[in-house]
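Sequential numbering from 1 along the given sequence is applied to the chain's residues.
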Amino acid sequence: MEKISTENIDLKIRVLEDFRNMEAQVNGEAKSYFNRIRKDAIAYFEELGFPSRKSEEWKYTNISPILKHEFKSPSGRTEVLQSDIEPFLFDKNDVNLLVFVNGNFAESLSKVVSGDEKIYIGNLPDARVKHNEIIEQHFAKYADYKNDGLIALNTAIANDGAVVYVKKNTKLMQPVHIINIADARNENYMYQQRNLYVIEEGAEAVIAESYHTLGEKHSFGNIVAEVYCGMNSRTEHYKIQSEGDKAYQISTAQICQERDSYYSNTTISWGGSITRNNLNAVFAGGNTECHFYGLYLLNGKEHVDNHTLADHAVSDCFSNELYKGIIGDHATGVFNGKIMVRADAQKTNAYQSNANILLSDDATIYSKPQLEIFADDVKCSHGATSGQLSKEEMFYLRSRGISEADAKALLLNAFASDVIDSVKIDSLRENLLDTLQEKLRS
């Protein structure tokens with residue numbers, strides 16, 4: 001285990017105290033599976049701590065600005081109203097809505113419209129009562145807390161999060177929209193949220209997460225999602241980040257795909273001070289298909305770091321990855337995408353591409369596509385590009401009477417369109433296109 005030093009020990013001590021206080025309230029659950037995992041995870045966090053730039057995986061992302069703040073732990077009470085979440089809805093009717101405020105479920109703001117008994121849509125504490133066997137079968141089985149301090153922290157501390165469970169050969173007809181709000185109107189809050197999505201054999205589901213901020217204080221979300229894709233299942237997963245300029249978020253999505261399964265993820269990053277997205281898929285069965293799409297539109301001093309892993313552990317699997325960035329002002333983008341092809345993963349097809357447009361001389365991109373191949377019968381490729389808008393294309397548009405601002409917006413919209421087009425929910429895709437146009441015009 002690699003021990004990672006921390007640049008701010010105070011927050012670590014505070015977190016360990018929070019765990020001890022929480023453990024003192026466990027009482028009868030002390031010997032449960034859930035609590036045994038938590039105790040194991042906090043021991044690993046105590047050893048690993050918060051990551052620093054001394055680790056190769058965090059070379060371009062410095063989280064010390066996060067650790068210098070005083071954060072409170074959320075109480076579970078919320079002052080968020082229905083009117084506060086209205087701007088964040090992409091569909092007000094035909095969607096299952098789960099709302100979380102600072103990592104805690106807001107039942108009064110949520111609505112589940114899929115009434116099938118073969119489907120569960122709710123939060124972690126309720127799921128532990130109604131489907132404890134599923135929680136014990138999948139919780140902390142895919143996200144490795146033994147080698148990642150932040151996953152260990154989340155595993156130990158998180159009390160709440162979204163749970164979507166779709167039983168065998170069941171299609172979830174309405175999408176699930178999970179609205180996550182950092183309520184930073186009165187205090188700086190740090191919250192842990194743990195999501196679990198179990199899509200069993202032959203089942204289908206569409207899940208969209210969106211992240212937003214209220215207020216001008218600082219917030220820090222440490223979020224972990226585990227996604228289990230059973231044999232011959234189909235899962236579409238969307239993540240939209242549109243947070244404030246004092247919001248920090250580090251998230252990990254860990255996907256396990258069984259034979260013949262399909263998984264697609266689109267991550268859109270519109271805003272946030274420091275954002276780190278870890279997206280890892282492990283192919284546990286043959287003939288699996290996986291797609292990763294990403295778009296980040298950055299300005300000011302925003303920093304977004306996308307780390308991805310497509311782990312081809314078995315043969316006859318396909319992965320495709322496309323990430324695009326539009327970076328202006330003094331903003332920084334990081335892309336580190338790894339394709340791992342293990343020795344038994346013959347007949348692998350894996351493709352990866354990262355393209356970036358820099359809108360100012362002070363904008364920065366660190367792009368590191370990686371291939372690690374230990375099999376010989378494979379088709380793999382990767383590539384990265386960065387540059388500015390084409391002068392020839394700009395001249396062509398300007399010569400036809402189009403203003404400079406409109407010409408830039410047209411070219412950037414065309415650049416981003418194939419990522420936006422990967423979103424199959426019509427209302428969400430239209431919402432994203434409107435947001436893109438608004439941001440490009442500004």
Side-chain angles (χ1 to χ4, degrees), residues 1-26 29 33-55 57-58 61-76 100 102-104 124-125 135 138-162 180 182 188-196 211 218-226 247-254 272-280 305 307:
M1 181 193 307
E2 179 189 4
K3 188 172 183 179
I4 302 176
S5 63
T6 175
E7 295 180 37
N8 189 315
I9 198 69
D10 293 338
L11 184 57
K12 181 179 176 182
I13 292 173
R14 225 289 313 285
V15 166
L16 292 172
E17 289 176 352
D18 283 350
F19 178 82
R20 285 191 286 270
N21 292 335
M22 182 181 71
E23 190 179 25
Q25 301 173 14
V26 169
E29 276 199 311
Y33 164 80
F34 209 67
N35 202 56
R36 291 199 310 272
I37 290 292
R38 283 177 161 175
K39 292 181 71 174
D40 194 36
I42 201 65
Y44 279 98
F45 171 72
E46 190 166 10
E47 181 171 353
L48 294 167
F50 292 102
S52 76
R53 297 179 73 178
K54 294 179 181 179
S55 167
E57 290 295 301
W58 291 84
T61 298
N62 178 19
I63 69 166
S64 61
I66 303 175
L67 305 181
K68 72 180 183 180
H69 295 291
E70 291 286 337
F71 291 105
K72 290 186 64 175
S73 298
S75 64
F100 290 82
N102 293 337
N104 293 309
L124 184 57
I135 301 300
H138 296 284
F139 181 84
K141 296 297 174 62
Y142 313 114
D144 182 13
Y145 63 80
K146 296 181 179 180
N147 289 292
D148 187 306
L150 287 164
I151 295 178
L153 173 61
N154 178 280
T155 304
I157 299 292
N159 283 315
D160 214 340
N180 304 273
N188 296 338
Y189 281 115
M190 178 177 71
Y191 63 93
Q192 316 289 326
Q193 184 169 329
R194 187 59 169 255
N195 302 326
L196 178 63
Y211 294 83
H218 293 277
S219 65
F220 174 27
N222 179 34
I223 301 152
V224 175
E226 294 181 289
Y248 307 116
Q249 185 188 132
I250 299 174
S251 68
T252 298
Q254 186 71 47
S273 180
I274 297 176
T275 302
R276 166 73 173 238
N277 298 310
N278 299 311
L279 177 59
N280 311 312
D305 181 346
H307 263 60

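Side-chain contact between Ile223 and Phe100 is absent, with no heavy atoms from C-beta onward closer than 4.5 Å. Considering only heavy atoms from C-beta on, Leu153 comes within 4.5 Å of Phe50 through its side chain. Side-chain contact between Asn159 and Pro125 is absent, with no heavy-atom pair separated by less than 4.5 Å. Between Thr155 and Phe45, the closest side-chain pair of non-hydrogen atoms is not below 4.5 Å. Contact annotation: the side chain of Val15 approaches that of Met190 to within less than 4.5 Å [non-hydrogen atoms, C-beta and beyond].
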>> Let's go through Leu16 and Ile42 carefully: what are the C-alpha distance in whole Å and the side-chain angles of both, what is the deciding distance for side-chain contact (heavy atoms from CB on, under 4.5 Å) to 0.1 Å, and is it a yes or a no?
In response: CA-CA 8 Å; Leu16 292 172; Ile42 201 65; 3.8 Å; yes
>> Applying side-chain contact (heavy atoms from CB on, under 4.5 Å) to Ser73 and Arg14, what does each step give before you reach the verdict?
In response: CA-CA 10 Å; Ser73 298; Arg14 225 289 313 285; 3.5 Å; yes
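A donor-acceptor pair under 3.5 Å is absent between the side-chain atoms of Asn154 and the main chain of Gln192, judged by distance alone. Without hydrogens or angle criteria, His138 side chain to Leu196 main chain gives no donor-acceptor distance under 3.5 Å. Remark: the backbone N or O of Lys141 is paired with a side-chain donor or acceptor of Glu226 at under 3.5 angstrom. A donor-acceptor contact shorter than 3.5 Å is absent between the side chain of Arg194 and the backbone of Phe139.
A pairwise comparison of heavy atoms in Gly149 and Leu48 identifies N-CD1, 3.7 Å as the closest pair. Nearest heavy-atom pair across Pro74 and Asn102 is CG-O, 3.3 Å. For the pair Ala140 and Tyr33, the tightest heavy-atom approach, listed with the atom from each and the gap, is CB-OH, 4.5 Å. For the residue pair Glu70 and Asn188, the shortest heavy atom distance occurs at O-CB, 3.2 Å. The two atoms that bring Ser52 and Trp58 nearest to each other are O-CB, 3.4 Å, heavy atoms only.
The line from CG of Asn280 to OH of Tyr142 is 14.5 Å long, rounded to the nearest 0.5 Å. Annotation: the span from Lys72 atom NZ to Tyr189 atom OH amounts to 5.0 Å, rounded to 0.5 Å. Of the inter-residue distances, the one linking Ile66 atom CD1 with Ile250 atom CD1 reads 4.5 Å to the nearest 0.5 angstrom. Here the CG atom belonging to Leu124 is positioned 9.0 Å from the CG atom belonging to Asn195, to the nearest 0.5 angstrom. Rounding to the nearest 0.5 angstrom, the gap separating the CD atom in Glu46 from the NZ atom in Lys12 is 6.5 Å. Taking CD1 of Ile63 as the reference point, atom CZ of Phe220 lies at 6.0 Å (rounded to 0.5 Å).
Residues satisfying the salt bridge (charged side-chain N to carboxylate O under 4.0 Å, His left out) test with Asp148, not counting sequence neighbours, are none. Under the salt bridge (charged side-chain N to carboxylate O under 4.0 Å, His left out) criterion, Asp40 pairs with no residue, sequence neighbours left out.
With Phe19 as the aromatic partner, Arg38 does not meet the cation-pi criteria of under 6.0 angstrom to the ring centre and within 45 degrees of the ring axis.
For His218 and Phe71, the distance between ring centers is not under 6.0 angstrom.
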